[in-house]
Amino acid sequence: MANELDFSGKQLLVVGGSSGIGNGIAQAFRARGADVAVCGTRARAADYQAEEGSDLTGLAYTQLDVSDPGAVEAFKPSFEKLDILVLAQGAVLYRRGEFEMTGFRTVVEVNLMSLMACATRFHSMLRHSRGALIMVSSTAAYHSTMGNPAYNASKTGAVGLTRTLGEAWAEDGIRVNGIAPGLVDTKMTKVTTDNPKRREAALSRIPLRRLGTPSDMAGAALFLASPLSSYMIGQTLVVDGGLIL
Ligand SMILES: NC(=O)c1ccc[n+]([C@@H]2O[C@H](COP(=O)([O-])OP(=O)(O)OC[C@H]3O[C@@H](n4cnc5c(N)ncnc54)[C@H](OP(=O)(O)O)[C@@H]3O)[C@@H](O)[C@H]2O)c1
């Protein structure tokens, strides 16, 4: 019987694959035989060496800053075909930075506009391979996040974009789906997880009583990229230990 989770011979790109959730997803596909390229904001892979949550072993790294609208269009990939595109880039601003229009625009650019830019940049390659596109949004799409209006609006937008591209590109043989993580221990969430009080408060709201891991998110990504989910399009899977139940 064929192993549906064997990705040998498949080419993957994870934008935002330099750390955290995207990095965990990248390494999970690499462990299952895929050739994996990743992008992040820093100049070289070596710039992530000392970083917790960044393991670039065996991944082909290229710098891509998606907050620059032209950068995605100008991006020259190191591969000629693409089977699976994972969009895991994301940014958040604390201390009311998203209530300033400069901050609001930057976060929306990274979390929403760049999803469309990356999706359209790689559309023809994905059509050619009849591939899969996975967008990482957030459970923040399903409730208010009081201090972060741009994060909320952009993630809500990402869920809508997943739905619509799922329908629009079905005829191209591309399956578009998404993942909405709950609270995952990464550099983005250190502000909560490194603070004992906030960490306890967060854990008390999660029925599974633990934070999510990049590997928990990778499980959903492997499923969504595999033939096990062949009849699914436009869906965003909530992977949150029960946080928003
Ligand atoms: N952690 C959570 O609890 C949680 C919950 C729900 C959703 N999410 C979403 O999950 C995704 C991954 O976040 P994470 O938690 O893994 O955080 P992370 O460790 O900070 O990873 C974010 C990734 O996005 C990249 N990135 C940020 N700004 C970028 C830009 N302007 N251009 C290109 N890449 C950029 C980062 O690159 P560098 O490594 O160079 O900074 C990194 O690879 C994000 O979309 C986030 O919103 C996270």
Side-chain angles (χ1 to χ4, degrees), residues 13-27 37-56 59 61-72 75 86-94 98 103 105-115 117-118 121 134-143 145 148 150-159 161-162 178-194 198-199 202-203 205-206 210-218 220-221 236-241 243-244:
L13 171 64
V14 185
V15 181
S18 53
S19 69
I21 293 172
N23 189 250
I25 291 174
Q27 287 297 356
V38 295
C39 300
T41 60
R42 299 184 190 171
R44 295 177 319 269
D47 297 335
Y48 292 95
Q49 231 156 33
E51 204 69 56
E52 188 194 331
S54 292
D55 174 9
L56 296 185
L59 309 176
Y61 178 80
T62 317
Q63 182 182 32
L64 172 64
D65 184 346
V66 301
S67 66
D68 167 7
V72 177
F75 180 68
V86 178
L87 300 177
Q89 66 267 41
V92 65
L93 291 176
Y94 296 109
E98 295 181 12
R105 282 204 176 90
T106 303
V107 170
V108 172
E109 192 69 46
V110 174
N111 292 3
L112 179 59
M113 304 295 275
S114 86
L115 297 183
C118 291
R121 170 71 184 76
I134 298 170
M135 312 236 195
V136 179
S137 59
S138 169
T139 51
Y142 303 109
H143 57 82
T145 55
N148 298 94
Y151 192 78
N152 193 305
S154 59
K155 292 300 184 179
T156 306
V159 171
L161 185 63
T162 301
I179 299 171
L183 185 60
V184 182
D185 197 2
T186 67
K187 71 174 151 56
M188 182 180 275
T189 51
K190 288 286 169 225
V191 62
T192 302
T193 56
D194 277 357
R198 285 196 206 134
R199 187 188 172 95
L203 285 172
R205 296 198 308 272
I206 302 171
R210 67 170 178 85
L211 301 174
T213 63
S215 150
D216 290 323
M217 305 305 125
T236 293
L237 292 180
V238 172
V239 189
D240 71 344
L243 176 66
I244 61 163

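Only this structure's heavy atoms are used, side chains among them; waters, hydrogens and symmetry mates stay out. Every number for a ligand or one of its atoms is a count from 1 in the order of the listing.
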Considering only protein heavy atoms, which is closest to [atom], and at what distance to one decimal place?
| atom | answer |
| --- | --- |
| atom 46 (C) of ligand 1 | Tyr151 OH, 3.6 Å |
| atom 13 (O) of ligand 1 | Met188 CE, 4.1 Å |
| atom 34 (N) of ligand 1 | Thr41 CG2, 3.8 Å |
| atom 20 (O) of ligand 1 | Lys187 NZ, 3.0 Å |
| atom 31 (N) of ligand 1 | Asp65 OD1, 2.8 Å |
| atom 27 (C) of ligand 1 | Gly90 O, 3.3 Å |
| atom 48 (C) of ligand 1 | Ile21 CD1, 3.6 Å |
| atom 15 (O) of ligand 1 | Thr186 OG1, 2.6 Å |

Would you call Glu51 and Arg42 a salt bridge, using N to O less than 4.0 angstrom? yes
Salt bridge Asp185-Lys190, side-chain N to carboxylate O under 4.0 Å: yes
Phe75 ring centre to Arg121 NZ or CZ under 6.0 Å, with the angle to the axis within 45°? no
Within the distance-only criterion (no hydrogens, no angle test), does the side chain of Asp240 pair as donor or acceptor with the backbone N or O of Ile244 below 3.5 angstrom? yes
Just by distance, do the side chain of Arg205 and the backbone of Leu243 share a donor-acceptor pair under 3.5 Å? no
Using a 4.0 Å cut-off to any heavy atom of Val184, which atoms of ligand 1 qualify? 1 (N), 2 (C), 3 (O)
Proximal ligand 1 atoms for Leu183, defined as those under 4.0 Å from one of its heavy atoms: 3 (O)
Option of least heavy-atom distance to [atom] (set: [options]):
| atom | options | value |
| --- | --- | --- |
| atom 10 (O) of ligand 1 | Val136, Asn111, Ile25 | Val136 |
| atom 9 (C) of ligand 1 | Ser137, Ser138, Ala202 | Ser137 |
| atom 43 (O) of ligand 1 | Ser114, Ser18, Ala141, Gly20 | Ser18 |

Does Gly182 come within less than 4.0 Å of ligand 1, judged by its heavy atoms? yes
Note, Val66 side chain near Val15 side chain (heavy atom, < 4.5 Å): yes
Heavy-atom distances under 4.0 Å decide this one: backbone, side chain, both or neither, for [X] against ligand 1?
| X | result |
| --- | --- |
| Thr189 | side chain |
| Ala88 | backbone |
| Lys155 | side chain |
| Leu64 | backbone |

Derivation and outcome, side-chain hydrogen bond (donor to acceptor under 3.5 Å, both in side chains), residues Ser114 and Gln89: CA-CA 9 Å; Ser114 86; Gln89 66 267 41; 2.8 Å; yes
Give yes if a backbone or side-chain nitrogen or oxygen of [X] is under 3.5 Å from a nitrogen or oxygen of ligand 1, and no if not.
| X | value |
| --- | --- |
| Val110 | no |
| Gly40 | no |
| Gly22 | no |
| Ala91 | no |

Drop me the distance from [X]'s [atom1] to [Y]'s [atom2], to the nearest 0.5 angstrom.
| X | Y | atom1 | atom2 | answer |
| --- | --- | --- | --- | --- |
| Leu183 | Thr139 | CG | OG1 | 8.0 Å |
| Leu161 | Lys155 | CG | NZ | 11.5 Å |
| Thr186 | Met217 | OG1 | CE | 10.0 Å |
| Asn23 | Ile21 | CG | CD1 | 11.0 Å |
| Leu112 | Ser154 | CG | OG | 6.5 Å |
| Ile134 | Ile25 | CD1 | CD1 | 7.0 Å |

